[in-house]
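A quick write-up on the structure given underneath.
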Amino acid sequence: MIHVMPERQPIAVRPHMPGYGVPASPDGLLPWSWAEERLVRSRNYWIVTADGQGRPHALPVWGIWSPGDSVLWFSAAAGSRKARNLAVNPQMAATTEASVEVVSVEGRGAPIADPD
């Protein structure tokens, strides 16, 4: 089992998309509660890791978002590519399964010793 812990308190930011009409102002940003609702509701998450050379790997997994501590829990076999990647480079990203109201979080993935 792997858990993903955000490196800092969640901060709402707009994507940098010059030429697409995305405003630079923070006015109208959605609250964390909106994002967390979607994280909790999601059953599938896209996990993005990178190996020691920076080669990316994206794969959907079943997971559970724990709202109390803002942690994503998902399973991974010790020999899986995502687990091997996280062993050499714990930086990762996870997104919800919905593409229209997607929520993306970044943090560090780490195996847990006692799955209970």
Side-chain angles (χ1 to χ4, degrees):
M1 179 143 324
I2 306 282
H3 71 283
V4 181
M5 297 181 302
E7 297 209 2
R8 58 184 181 268
Q9 289 295 346
I11 300 169
V13 295
R14 293 192 190 281
H16 179 68
M17 299 175 65
Y20 284 88
V22 176
S25 164
D27 295 341
L29 285 175
L30 296 168
W32 173 245
S33 59
W34 180 92
E36 193 158 59
E37 179 181 310
R38 278 136 188 89
L39 286 161
V40 168
R41 191 170 50 203
S42 192
R43 180 174 17 149
N44 302 303
Y45 300 84
W46 281 90
I47 303 301
V48 182
T49 62
D51 65 16
Q53 288 74 46
R55 187 176 64 193
H57 176 63
L59 191 71
V61 299
W62 289 345
I64 298 171
W65 181 262
S66 177
D69 49 8
S70 296
V71 172
L72 175 64
W73 298 90
F74 64 94
S75 63
S80 69
R81 186 167 168 191
K82 62 184 162 293
R84 291 191 323 265
N85 285 354
L86 290 169
V88 297
N89 179 1
Q91 299 296 326
M92 61 165 294
T95 69
T96 55
E97 61 193 329
S99 61
V100 174
E101 293 185 334
V102 68
V103 175
S104 176
V105 293
E106 297 173 357
R108 298 174 63 84
I112 57 170
D114 181 8
D116 291 335

Is there a side-chain contact between [X] and [Y] in this structure, where contact means two heavy atoms from C-beta onward sitting under 4.5 Å apart?
X   : Y   : answer
T95 : Y45 : no
P31 : E36 : no
S42 : W65 : no
R81 : L59 : no

[X] side, atom [atom1]; [Y] side, atom [atom2] - distance, nearest 0.5 Å:
X   : Y    : atom1 : atom2 : value
N85 : H57  : CG    : NE2   : 6.5 Å
L39 : I64  : CG    : CD1   : 13.0 Å
N89 : R108 : CG    : CZ    : 8.5 Å
R38 : L30  : CZ    : CG    : 7.5 Å

Which pair of heavy atoms, one from [X] and one from [Y], lies closest together, and at what distance?
X   : Y   : value
F74 : G63 : CB-CA, 4.2 Å
M92 : T49 : CB-CG2, 4.2 Å
A94 : L72 : CB-CD2, 3.6 Å
A83 : A77 : CB-O, 3.2 Å
K82 : A76 : CE-CB, 3.7 Å

Path from [X] to [Y] over hydrophobic side-chain contacts below 4.5 Å:
X   : Y    : answer
L29 : V22  : no
V40 : V61  : yes
W34 : V105 : yes

Short question: side chain of E97, backbone of R43 - any donor-acceptor pair under 3.5 Å?
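Yes; at least one donor-acceptor contact below 3.5 Å.
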What do the steps show when you test V102 against W46 for side-chain contact (heavy atoms from CB on, under 4.5 Å), and what is the final call?
CA-CA 11 Å; V102 68; W46 281 90; over 6 Å; no
